[in-house]
S.K.: 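The structure that follows is given in the form of structure tokens.
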Amino acid sequence: QVQLVESGGGLVQPGGSLRLSCVASGSIFRSNGWTWYRQAPGKQRVLVASIWITGRTTYADSVKGRFTISRDNDKNTVYLQMNNLKAEDTAVYYCRDLIGSIPWGQGTQVTVSS
């Protein structure tokens with residue numbers, strides 16, 4: 001069974017940066033698009049960014065211009081570079097394949113606070 005392992009979260013001050021990583025086990029990485037979601041306390045999980053096999057990317061309006069999703073097929077890893085972080089970016093961040101066939105991982109906590 002494919003597993004997703006997210007990492008890279010932490011505590012950062014407003015205006016700071018973090019890079020999240022998600023490693024997918026197995027051989028399915030290259031044949032899938034990938035997404036990052038986030039879930040803030042008491043709120044639903046929402047889509048943040050997507051990257052297709054072609055490399056095309058899309059972003060939620062709330063992160064456009066600040067976050068960048070990328071992928072490294074050789075490392076079976078999808079990244080989320082987050083710059084100019086705001087308090088409202090505080091959430092647990094999850095990655096998943098684009099069609100949602102792989103079980104959720106444990107996520108990685110991002111806390112933006114001074």
S.K.: Starting at CH2 of Trp34, measure out to CG of Leu80 and round the result to the nearest 0.5 Å.
M.R.: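 That separation rounds to 14.5 Å.
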S.K.: What are the two closest heavy atoms between Thr35 and Asp97, and how far apart are they?
M.R.: OG1-O, 4.2 Å
S.K.: Can you name the side chain to side chain donor-acceptor pair (under 3.5 Å) partners of Gln39, sequence neighbours left out?
M.R.: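 Counting only residues at least two positions away or on another chain, Gln39 forms a side chain to side chain donor-acceptor pair (under 3.5 Å) with Arg45.
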S.K.: Sorted by first residue and then second, give each disulfide (SG to SG under 2.5 Å) pair with at least one member in residues 48-83; sequence neighbours left out.
M.R.: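 Not a single pair qualifies under disulfide (SG to SG under 2.5 Å).
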S.K.: Apply ring pair (Phe, Tyr, Trp, His ring centres under 6.0 Å) to Tyr37 and list each qualifying residue two or more places apart in sequence or on a separate chain.
M.R.: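 Expected list: Trp104.
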S.K.: Please check if the number of heavy atoms outside Glu88 that lie under 6.0 Å from its CD is greater than 12.
M.R.: yes
S.K.: Looking only at non-hydrogen atoms, find the nearest pair between Glu6 and Tyr93 and report the distance.
M.R.: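 So the minimum-distance heavy-atom pair works out to CG-O, 4.1 Å.
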S.K.: How would you list all residue pairs meeting disulfide (SG to SG under 2.5 Å) that involve residues 69-114, not counting sequence neighbours?
M.R.: Cys22-Cys95
S.K.: Other than Leu11, which residues form its hydrophobic cluster under the rule that side-chain heavy atoms must be closer than 4.5 Å?
M.R.: none
S.K.: With sequence neighbours excluded, tell me which residues meet side-chain contact (heavy atoms from CB on, under 4.5 Å) with Ala40.
M.R.: Lys43, Ala91
S.K.: Could I get the full list of side-chain contact (heavy atoms from CB on, under 4.5 Å) partners for Thr68, not counting sequence neighbours?
M.R.: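 By the side-chain contact (heavy atoms from CB on, under 4.5 Å) rule, Thr68 matches Tyr59, Gln81.
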S.K.: In Å, rounded to the nearest 0.5 Å, how long is the span from CG of Leu18 to CG of Asn83?
M.R.: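 Rounded to the nearest 0.5 Å, the CG-CG separation comes to 9.5 Å.
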S.K.: Any disulfide (SG to SG under 2.5 Å) involving residues 47-89? Give me the pairs, sequence neighbours left out, ordered by first then second residue.
M.R.: none
S.K.: Can Val110 be reached from Val23 by stepping across I, L, V, M, F, W or Y side chains whose heavy atoms are under 4.5 Å apart?
M.R.: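 Result: no, two separate clusters.
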S.K.: When you compare the side chain of Ile69 with that of Val78, does any pair of heavy atoms fall below 4.5 Å?
M.R.: yes
S.K.: Could you check if a side-chain atom of Arg38 sits within less than 4.5 angstrom of a side-chain atom of Val63, using non-hydrogen atoms only?
M.R.: yes
S.K.: Output all residues satisfying side-chain contact (heavy atoms from CB on, under 4.5 Å) with Val92, sequence neighbours left out; order by chain, then residue number.
M.R.: Tyr94, Gln109
S.K.: Could you list the residues that satisfy side-chain contact (heavy atoms from CB on, under 4.5 Å) with Ser21, not counting sequence neighbours?
M.R.: Ser7, Thr77, Tyr79
S.K.: Taking the side chain as every heavy atom from C-beta outward, state whether Leu85 and Phe67 have any atom pair closer than 4.5 Å.
M.R.: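 They are in contact (side-chain heavy atoms under 4.5 Å apart), so the answer is yes.
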S.K.: To the closest 0.5 Å, what do you measure between CD (Gln3) and CD (Gln106)?
M.R.: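 That separation rounds to 9.5 Å.
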S.K.: Establish whether Leu4 and Val46 are linked, either directly or via other cluster members, by ILVMFWY side-chain heavy-atom contacts under 4.5 Å.
M.R.: no
S.K.: Keeping the roles fixed (side chain from Thr111, backbone from Thr90), state whether a donor-acceptor pair exists under 3.5 Å.
M.R.: no
S.K.: Using the salt bridge (charged side-chain N to carboxylate O under 4.0 Å, His left out) rule, collect all pairs that involve residues 50-69, keeping only residues at least two apart or in two chains.
M.R.: Asp61-Lys64, Arg66-Asp89
S.K.: Look up atom OG1 in Thr58 and atom CD1 in Ile51, then write down how far apart they are to the nearest 0.5 Å.
M.R.: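 Between Thr58 OG1 and Ile51 CD1, I get 9.5 Å after rounding to 0.5 Å.
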S.K.: Which heavy atom of Pro14 sits nearest a heavy atom of Ser113, and at what distance?
M.R.: CD-C, 3.7 Å
S.K.: Which pairs, with at least one residue in residues 67-87 and sequence neighbours excluded, count as a salt bridge (charged side-chain N to carboxylate O under 4.0 Å, His left out)?
M.R.: Arg30-Asp74
